[in-house]
There are 2 protein chains.
Amino acid sequence: METLTIGRVAKKAGVNIETIRYYERQGLIPRPPRRQSEWGALGYRHYPAETVKRIQFIRHAKELGFSLKEIAELLSLRIEQGVTCGDVRKRAEAKIADIDTRIKILQRMKKALVNLAKECKARGPVSECPILEALER
Amino acid sequence: METLTIGRVAKKAGVNIETIRYYERQGLIPRPPRRQSEWGALGYRHYPAETVKRIQFIRHAKELGFSLKEIAELLSLRIEQGVTCGDVRKRAEAKIADIDTRIKILQRMKKALVNLAKECKARGPVSECPILEALER
DNA sequence: ATAAACCATGTACTTAGGTACAGAGTCAAG
DNA sequence: CTTGACTCTGTACCTAAGTACATGGTTTAT
């Protein structure tokens, strides 16, 4: 188990070092253990390997339009003592519904683009915007 | 055909008036015709009905994580003179690939959440973060 | 044991995407 | 033909999500 300093984590996850510290301040990644220095100051952060995955997850979710606040909610969804199972289920199901909506909109967009590419062969210039189909119902 | 002033468009599309003017400045919606006033100043903007759809499209795409720049590209994808068919096809296909990636990631997230909800019944408290599965390959 | 390469903290700056006025002009209903 | 609701331009301000230092402490390779 190699020692993961903040710089290594940043490189592996493909983000800026400052971003990691920022996420820590925002509570998106847990404060990692720090080796204490001689006279009491906190030493370097040392991360568990899992942190890299966590940051990549954040990156993906961000690209999909989730805010950091929403991402924090997703990351905190887990079964542990002090949280009732029903609560977890309810929150998970709400997120699932949200995700389903997003998938549907993306599929409509895709369909519009596929049609566009198809039409391109078939007939000549059209001037209205074909993408707008994507949001009819 | 009722006359669509900026305020009506804003209400129908569910956005702020200033947002519409902002989108106009950013080139996301075309400058609408303006009735000229007596002594030369520009009058109110009058929008075609289609504008409402266009703004709703922008809203949806934004929620899915597309930047306004990307949205402008999507909206400008159309078959018209001066643009070769091959070019349109190529750009459309790139967008389709992008959308497919997003759909896949969302489906992985969904799967992780569905599993979480399922496990919740089956066994007791777990402490690792089950959502992280979502990004294993 | 010392320089080169990292890291820590705190504060300031940046960019995207809006929002909020102020002050003045426009429209339409009575 | 006036009054109240609406719109215009321009500029300033705001939030989220970082990014960039400056200054100083920590590691590690030589």
**Request:** Mind calculating the distance between CD1 (B/Ile58) and P (C/dG17) to the nearest angstrom?
**Result:** 11 Å
**Asked** Same hydrophobic cluster for B/Leu64 and A/Phe57, using side-chain heavy-atom links shorter than 4.5 Å among ILVMFWY?
**Response** yes
**Request:** Starting from C1' on D/dT15, measure out to CD on A/Glu70 and report it in whole angstrom.
**Result:** 15 Å
**Asked** Which heavy-atom pair separates A/Arg78 from A/Leu75 by the least distance, and what is that distance?
**Response** NH2-O, 2.5 Å
**Message:** Does A/Leu74 form a side chain to side chain contact (heavy atoms under 4.5 Å, CB included) with B/Leu113? I'd like the steps, not just the answer.
**Reply:** CA-CA 9 Å; A/Leu74 283 169; B/Leu113 288 171; 4.3 Å; yes
**side chain to side chain contact (heavy atoms under 4.5 Å, CB included) between A/Glu119 and B/Cys85, intermediate numbers included** = CA-CA 10 Å; A/Glu119 305 251 312; B/Cys85 198; over 6 Å; no
**Gap between atoms CZ and P, on B/Arg59 and C/dG18 respectively (whole Å)** = 11 Å
**Prompt:** For residues 14-24 of chain A, which residues have at least one heavy atom under 4.0 Å from DNA chain D?
**Reply:** A/Asn16, A/Glu18, A/Thr19, A/Tyr22, A/Tyr23
**Message:** Considering only residues two or more places apart or on different chains, which pairs with a residue in residues 20-31 of chain B satisfy side-chain hydrogen bond (donor to acceptor under 3.5 Å, both in side chains)?
**Reply:** B/Glu24-B/Arg45
**Item:** Partners meeting side-chain contact (heavy atoms from CB on, under 4.5 Å) with B/Ala72 (sequence neighbours left out)
**Value:** B/Leu28
**Request:** Could you check whether A/Lys62 gets within reach of a base, just the sugar-phosphate, or nothing at all, counting any heavy atom under 4.0 Å?
**Result:** sugar-phosphate
**Message:** Nearest whole Å is fine: how far is C/dT26 P from B/His46 NE2?
**Reply:** 13 Å
**Asked** B/Leu4 and B/Thr51: side chain to side chain contact (heavy atoms under 4.5 Å, CB included), yes or no, with the steps?
**Response** CA-CA 9 Å; B/Leu4 279 177; B/Thr51 303; over 6 Å; no
**Item:** side-chain contact (heavy atoms from CB on, under 4.5 Å) involving B/Lys69 - partner list, sequence neighbours excluded
**Value:** B/Ser67, B/Glu73
**Request:** Return the value, rounded to whole Å, for the distance between atom CD of B/Glu63 and atom C1' of C/dG18.
**Result:** 15 Å
**Message:** On the nucleotide D/dT7, are OP1 or OP2 found under 4.0 Å from the side-chain N or O atoms that B/Arg45 carries?
**Reply:** no
**Item:** Joint hydrophobic cluster, A/Tyr44 plus A/Tyr47, side-chain heavy atoms closer than 4.5 Å
**Value:** no
**Fill in**
Nearest heavy-atom approach of A/Pro30 to A/Arg54 is CD-NE, 3.9 Å
Show each protein N/O and nucleotides 1-6 of chain D N/O combination with a separation under 3.5 Å, one pair to a line.
residue, atom, partner, partner atom, Å
D/dC6, O2, B/Tyr44, OH, 2.5

**Item:** Nearest-Å distance for atom pair CD1/C1', residues B/Ile29 and C/dG18
**Value:** 14 Å
**Message:** Please report the distance, rounded to the nearest Å, between CZ in A/Arg8 and P in C/dC6.
**Reply:** 10 Å
Protein-nucleotides 11-14 of chain C N/O pairs under 3.5 Å:
none

**Prompt:** Yes or no on side chain to side chain contact (heavy atoms under 4.5 Å, CB included) for A/His46 and A/Arg34, after CA distance, side-chain angles and deciding distance?
**Reply:** CA-CA 6 Å; A/His46 285 280; A/Arg34 315 274 287 262; over 6 Å; no
**Asked** Rounding to a whole Å, what distance do you find between A/Arg35:CZ and D/dT27:C1'?
**Response** 9 Å
